[in-house]
Amino acid sequence: MLDAARTPPFGKLIAIALLAGIGAGLALPRACPWGLSLPILILAALMWWRSPRWRAFAAAGFGFALVSLHAAYALSLQLPPEWEKRDVAVTGRIVELPVHEPRRTRFEFRVDDDAAQSAPLRGRLLRLAWYDERIEPRQVLAAGQRWRFVARVRSPRGLRNPGGPDAEKYALMQRLSATGYLRDPENAQRLDEARGLQAWRESISNRIAARVNSDASRFVRALALGDTRALGERDWSVLRANGLTHLIAISGFHVGLVAGFFALFVRGLWWLWPGLGRRLPAAVAASVAAMLGGLLYAASVGFALPTVRTWLMIAVIAGLRLSRRPFHAFDALALAAIAVLLADPLAVLGAGFWLSFLGVAWLLWCLPDQTDTRGWRERLRAFVSAQGVASLGLLPLGVLLFGQASLAGPFANLVAVPWWSLLVVPLALIGTGLEALHAGTGEFAWRWAAACFEPGWPWFEALADSGLALWWLPEARWFALPLALIGAFWLLLPRGVPGKALAMLLWLPLLWPDRHLPAHGEAELVVVDVGQGLSVLVRTAHHALLFDAGPAVRDGFDAGERAVVPALHALGVRRLDRAVASHADNDHAGGLAAVLRAFPAGEVSAPPEVEGEALRHIATRPCEAGRSWTWDGVRLRWLHPPRHFPYLGNESSCVLRIDSRHGSALLTGDIGEVIERDLVRRAAVSPEDDLRADVVLVAHHGSGGSSDPAFVQATGARHALVSSGHGNRFGHPRADVLERWARAGAQTRDTAADGALRVGLRAGGTTVETRRQAHPRLWDATRRTDPGLSYRPD
């Protein structure tokens, strides 16, 4: 039994304990106050130093306190609520490559740290946008320039949905203070020309684009410089489907590759001139070269976080080699993990941290002796084995992080990893290095890199389009990942270990999770958080209907693609039996085309004679009052518009009534008071048009022109749901409208504050679950408005 007093100060146990403490700190719904975290940090450090027997506990406490301080500091950098939507003048430097889109240019801006800047923004990182239909005025922006802008700013805020990206977590990791857009950009002042590392990156990227006349030029720029601006959504979808994003997006793989080439180059020099070994051993020289090569490459791609993390790992291993002390590979990995966690404990929030370290750990455990192989057959066998181990070992993590598994990934990587790693990436990097030494000398290498890349890309596109590449999986419970990892560990044990078939059972909670589908006669509604718009999923036991799909901006944000489709995948929706566009306004129908590309619907309903750009190329059937159908014991009926009703925009919105055995709901679109009063009149005449419902979707996002008092009383709703965007320019929902519903006895919920709303009309009663309450996060943006919570020490 291991003596706790002899626990190494930086061994595997310490690394695991440190990681556990950091995970515990981030799992809290609120960051531990800095006044408590700081004493814990000091006491844990003293315990680690003075009490070797308790080092693991001390490391866990240290990790908890350290990440709490980092999180509290990162949250303190974010814009205070009272500064929301202010126009402020800021002076600073563009610190990343601007992303030019058809209607806007996005860029990161570091405000100067001087007394002339507004105190909440002084020295802070902003993400700004310049909106203009013309791209020419915006092309003056370049990385490394200094500017003076007037910008309207707001604190970082994101949508909260099942399966959707977490923009608020990303803001915490990046220490982002605010987002915003330029006001009067024509009056912006450029104070200094582009300088520095980022300016050099952009100039090299522009040279590649100008000199490589090939479609593969965009991939050469991505591999050489981490400049993925030219990659379109189609490119990323192909890469995701084939499990190849790790080879294109600048990651630790590229840093390790460059470091390895530098080490091999130095080894070659020492082999050619053996006398060099008398002055400096070859192993020492190779280690130093690997560190310097990795550092140079990390600099060339702008010190992106994945590259810095990997360079730290290389530096740790190189340092161990320089010490000339024997060490085990797992000890080196543990030390590298400790270095990364101490440098930035918030790195654990990124997928790259887990994929990097867990991937290496799997390979070290399963293929410990493969580095000693000599023949090409053994090397090929080792490479194939490594792909198999990585694919199986990282599958559970990939499913949890991305909600998908690439079935084509293992096969695509068998081709892409050696081909791109040994040909495309080295040529792209050689071209960049030569160009840095003398302008014009890198062109031939870039062209060769593009020529090597092009032949395989059509094959990857065909594989992605085959329909067999991706397997989307529903959102699983928290215990699914550890069970699947245990199952993977069991499967990768040596041959002869019994019960491997049973290990597959441990994968079931992850690969086939309970979708919590309604029973016969029950229904479920999910109001997706799409910002200022609407999208509602209605599910019965075996059917699904989508009522609206949120907004879409031309050449910009598409809620259908970014919010609705991921939510449908995460909720386990496999098909849409019917899609509904309540009317043609963009905030309701704009995202429908993107949804239908991912989930072709059996039928699309819309108001008769509907007019609008969003529905121009979509065949629809009218949602006519009086028509009804039954799914799995649940009756659905159109209440509006009546036959021969002309299309009048909002007033023609489809109104859908849902009657389950255990409750009812009313989806109202954007109808106004006139239509609401007409519905009340019709309900008094015909029992079929009854308005009483347990749940009502408040019409027109809670505007002042809807929610007529008579209509509110007629519904008798216990839950009034609002779909609106935080800080929208329309002021939705109106305070008097919310008060009207509350006086009628309804509890109001708003996606802007609560995220996605999940409503159950089940045997146990009507329930409403909000995404932000069900999945609390310490970086939740809504907590910034809590007067009882402050992350600012002053």
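Note that the structure is a prediction, hence the values are computed from the model and not measured. All values below come from the heavy atoms of this structure, side chains included, with hydrogens, waters and symmetry mates left out.
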Min side-chain heavy-atom separation Tyr297-Leu225 under 4.5 Å | no
Does Phe330, at its CZ atom, have more than 12 non-hydrogen atoms belonging to other residues, nucleotides or ligands within less than 6.0 Å? yes
Main-chain N/O of Leu97 paired with Asp227 side-chain donor or acceptor, under 3.5 Å | no
When rounded to the nearest 0.5 Å, the distance separating NZ of Lys169 from CH2 of Trp779 is 6.0 Å
Sorted by chain and number, sequence neighbours left out, ring pair (Phe, Tyr, Trp, His ring centres under 6.0 Å) with Phe262 holds for none
Shortest non-hydrogen pair, Ala286 vs Val266, comes out as N-CG1, 3.9 Å
Problem - Phe357 ring center near Phe353 ring center (under 6.0 Å) - result: yes
Any heavy-atom pair between the side chains of Trp420 and Phe453 that's under 4.5 Å?
yes
Sub-3.5 Å donor-acceptor pair from the side chain of Ser205 to the main-chain atoms of Arg201, do we have one? no
Using modelled atom types only, decide if a donor and an acceptor are shared between the side chain of Arg110 and the backbone of Val95 within a distance under 3.5 Å.
no
*asked:* Taking the six-membered ring for Trp, are Trp48 and Phe10 closer than 6.0 Å centroid to centroid?
replied: yes
Side chain to side chain contact (heavy atoms under 4.5 Å, CB included) assessment of Arg175 paired with Leu346: CA-CA 10 Å; Arg175 279 73 172 180; Leu346 295 181; 3.6 Å; yes
Exercise. Taking 4.0 angstrom as the limit, do Glu233 and Arg240 come out as a salt bridge?
Worked result: yes
Rounded to the nearest 0.5 angstrom, the CG-CH2 distance for Leu264 and Trp271 is 13.5 Å
For residues Pro98 and Glu108, determine if any side-chain heavy atom of one lies less than 4.5 Å from a side-chain heavy atom of the other. no
Tightest non-hydrogen contact, residues Pro455 and Cys452, listed as CD-O, 3.4 Å
Under a 3.5 Å distance rule, please check whether Arg195 uses its side chain to pair with a backbone N or O of Gln145 as donor and acceptor.
no
Taken to the nearest 0.5 Å, the spacing of Leu223 CG from Ile208 CD1 works out to 9.5 Å
*asked:* If you define the side chain from C-beta out and look only at heavy atoms, does anything of Leu69 sit under 4.5 Å from Leu38?
replied: yes
Between the side chains of Glu96 and Arg229, is the shortest nitrogen-to-carboxylate-oxygen separation below 4.0 Å, so that they form an ion pair? no
Smallest heavy-atom separation, Leu176 atom then Leu126 atom, equals CD1-C, 3.9 Å
Output for pair (Ser214 OG, Arg447 CZ), nearest 0.5 Å, gives 10.0 Å
Open item on the list: Tell me if a side-chain donor or acceptor on Asn242 pairs with a main-chain N or O of Gly409 at a distance below 3.5 Å.
Closed with: no
d(Leu492 CG, Leu392 CG) to nearest 0.5 Å is 4.5 Å
Rounding to 0.5 Å, atoms CZ (Arg221) and CG (Leu231) come to a distance of 8.5 Å
Taking Ser177 for the side chain and Leu77 for the main chain, is one N or O donor matched with an acceptor at less than 3.5 Å?
yes
In terms of heavy-atom contacts, Ala241 and Ser406 come closest through O-OG, 2.6 Å
Heavy-atom closest pair (Leu463 atom, Ala408 atom, distance to 0.1 Å) is CD2-CB, 3.6 Å
Is the shortest side-chain heavy-atom distance between Leu407 and Leu470 below 4.5 Å? no
Heavy-atom nearest pair, Glu202 first then Ala143, reads OE1-N, 2.6 Å
Side chains of Thr441 and Glu435: is there a donor and an acceptor less than 3.5 Å apart? no
Determine the interplanar angle of the Phe444 and Trp448 rings, folded into 0 to 90°, and report it as parallel if under 30°, tilted if 30 to 60°, perpendicular if over 60°.
-> perpendicular
Test side chain to side chain contact (heavy atoms under 4.5 Å, CB included), reference Val316, set Leu333, Leu335, Ile338, output is Leu335
- prompt: Trp457 and Asp215: side-chain donor and acceptor closer than 3.5 Å?
  reply: no
| Between the side chain of Asp235 and the main-chain N/O of Gly232, is any donor-acceptor distance below 3.5 Å? | yes
Notebook entry, point to check: What's the verdict on side chain to side chain contact (heavy atoms under 4.5 Å, CB included) for Trp236 and Thr245, showing C-alpha distance, side-chain angles and the deciding distance?
Noted result: CA-CA 7 Å; Trp236 287 115; Thr245 52; 4.2 Å; yes
Practice problem: Find out whether His70 and Pro345 are in side-chain contact, i.e. whether some heavy atom of one side chain is under 4.5 Å from a heavy atom of the other. | Solution: yes
Exercise for review: Using a 4.5 Å cut-off on heavy atoms from C-beta on, say whether the side chain of Phe62 contacts that of Leu18.
Suggested key: yes
* To do: Find out whether Leu280 and Trp270 are in side-chain contact, i.e. whether some heavy atom of one side chain is under 4.5 Å from a heavy atom of the other.
  => yes
For Asp331, the side-chain hydrogen bond (donor to acceptor under 3.5 Å, both in side chains) test, sequence neighbours excluded, returns Lys12
Classify the ring geometry of Phe57 against Trp54: parallel below 30°, tilted from 30° to 60°, perpendicular beyond 60°. tilted
query = Stepwise, does the side chain to side chain contact (heavy atoms under 4.5 Å, CB included) test hold for Val425 with Ser421?
reply = CA-CA 5 Å; Val425 174; Ser421 303; 5.6 Å; no
Please report the C-alpha distance between Val424 and Phe219 in whole Å, then the side-chain angles of each, then the deciding distance to 0.1 Å, and finally whether the side chain to side chain contact (heavy atoms under 4.5 Å, CB included) criterion is met. CA-CA 10 Å; Val424 182; Phe219 290 101; over 6 Å; no
